[in-house]
Amino acid sequence: DTSYKSVLTVKAIFDNEERVVSGTVLNGQDERIIQIDEYDISFVPQGRLLATKNVDKPGMVGRIGSVLGQNNINIARMDLGRNISDKKAMMMISVDESVSAQVMEELKSMEGIIDISLIEI
């Protein structure tokens with residue numbers, strides 16, 4: 001992306017599948033991931049994050065937020081990216097509380113969820 005002064009991009013191949021992650025530092029101190037694979041998304045890589053890949057359709061953000069809220073999991077930040085050509089989206093959701101295996105299973109089973117992972121940095 002040419003709108004950043006500098007970008008570091010890492011490409012790796014796993015089982016013949018290429019994965020791409022790009023990052024930058026804003027204002028000399030604010031580290032950000034700005035791309036994951038085909039998704040342009042900007043988020044701070046720290047803390048406890050739920051990474052979702054889902055169908056890009058109305059209501060997905062609300063349904064995921066509702067499940068988290070019903071389980072007393074506070075969303076500290078949510079960043080979104082989308083791939084319009086594939087009609088898929090990605091969310092990086094920073095949460096304050098632990099996410100139990102039961103809540104993860106509930107989220108994974110939701111209609112429209114392609115993949116969801118819990119990342120702790």
Side-chain angles (χ1 to χ4, degrees):
D1 188 330
T2 58
S3 63
Y4 298 101
K5 286 184 181 181
S6 64
V7 174
L8 175 65
T9 298
V10 176
K11 293 181 183 184
I13 298 176
F14 301 99
D15 298 326
N16 294 323
E17 181 183 2
E18 183 177 271
R19 303 299 307 264
V20 178
V21 176
S22 295
T24 192
V25 177
L26 300 175
N27 303 320
Q29 60 187 2
D30 187 16
E31 295 120 357
R32 294 229 171 225
I33 300 295
I34 57 170
Q35 177 190 3
I36 297 178
D37 298 327
E38 66 274 12
Y39 299 92
D40 290 328
I41 186 167
S42 177
F43 68 95
V44 177
Q46 69 181 34
R48 191 176 293 118
L49 300 165
L50 279 174
T52 73
K53 194 179 288 186
N54 54 274
V55 176
D56 187 18
K57 65 179 185 177
M60 292 303 299
V61 170
R63 288 201 295 269
I64 291 170
S66 291
V67 169
L68 294 174
Q70 290 164 1
N71 287 280
N72 293 317
I73 298 169
N74 190 50
I75 296 173
R77 182 181 177 103
M78 180 182 285
D79 299 286
L80 308 169
R82 57 198 299 215
N83 182 330
I84 296 171
S85 64
D86 284 349
K87 297 184 180 172
K88 293 179 184 169
M90 173 178 275
M91 287 184 249
M92 295 302 289
I93 306 166
S94 177
V95 293
D96 293 334
E97 290 76 26
S98 294
V99 181
S100 69
Q102 177 183 346
V103 172
M104 288 299 292
E105 284 304 314
E106 185 176 352
L107 291 167
K108 284 179 186 179
S109 69
M110 287 176 57
E111 180 185 338
I113 294 291
I114 298 164
D115 189 30
I116 187 166
S117 301
L118 180 61
I119 303 167
E120 296 201 35
I121 301 173

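All residue numbers refer to positions in the sequence shown, counting from 1. Every heavy atom of this structure was used, including side-chain atoms; hydrogens, water molecules and symmetry mates were not.
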Partner residues of Ser100 under the side-chain hydrogen bond (donor to acceptor under 3.5 Å, both in side chains) criterion, sequence neighbours left out: none
Salt bridge (Lys or Arg N to Asp or Glu O under 4.0 Å) involving Asp30 - partner list, sequence neighbours excluded: Arg32
Run the side-chain donor-acceptor check on residues 90-97: report pairs under 3.5 Å with partners two or more places apart or on a different chain.
from	atom 1	to	atom 2	distance (Å)
Asp96	OD2	Asn74	ND2	2.7
Glu97	OE1	Asn74	N	2.6

Inter- and intrachain pairs under salt bridge (Lys or Arg N to Asp or Glu O under 4.0 Å), touching residues 60-81, at least two apart: Arg77-Asp79
Value rounded to 0.5 Å, distance of CD1 in Ile73 from OG in Ser98: 8.5 Å
Test side chain to side chain contact (heavy atoms under 4.5 Å, CB included) applied to Ile113 and Ile64, Val55, Leu107, the passing residue: Ile64
Listed partners of Leu8 passing side-chain contact (heavy atoms from CB on, under 4.5 Å), at least two apart: none
side-chain hydrogen bond (donor to acceptor under 3.5 Å, both in side chains) partners for Ser85, two or more places apart: Asn83
Interatomic distance, Lys88 atom NZ to Ile114 atom CD1 [nearest 0.5 angstrom]: 4.5 Å
Of all pairs that satisfy salt bridge (Lys or Arg N to Asp or Glu O under 4.0 Å), the ones with a partner from residues 11-24, not counting sequence neighbours: Arg19-Asp37
Separation of Ile34 CD1 from Asp40 CG (nearest 0.5 Å): 8.0 Å
4.5 Å side-chain heavy-atom contact, Asn71 and Val99: no
Qualifying residues under side-chain hydrogen bond (donor to acceptor under 3.5 Å, both in side chains), relative to Thr24, sequence neighbours excluded: none
Side chain to side chain donor-acceptor pair (under 3.5 Å) pairs, two or more places apart, involving residues 48-58: Thr52-Asn54, Asp56-Arg82, Lys57-Glu111
Member of Ile33, Ile119, Val21 meeting the side chain to side chain contact (heavy atoms under 4.5 Å, CB included) criterion with Pro45: Ile33
Minimum side-chain heavy-atom gap Phe43-Ile36 below 4.5 Å: yes
Residue Glu120 excluded, over 12 heavy atoms near CD under 6.0 Å: yes
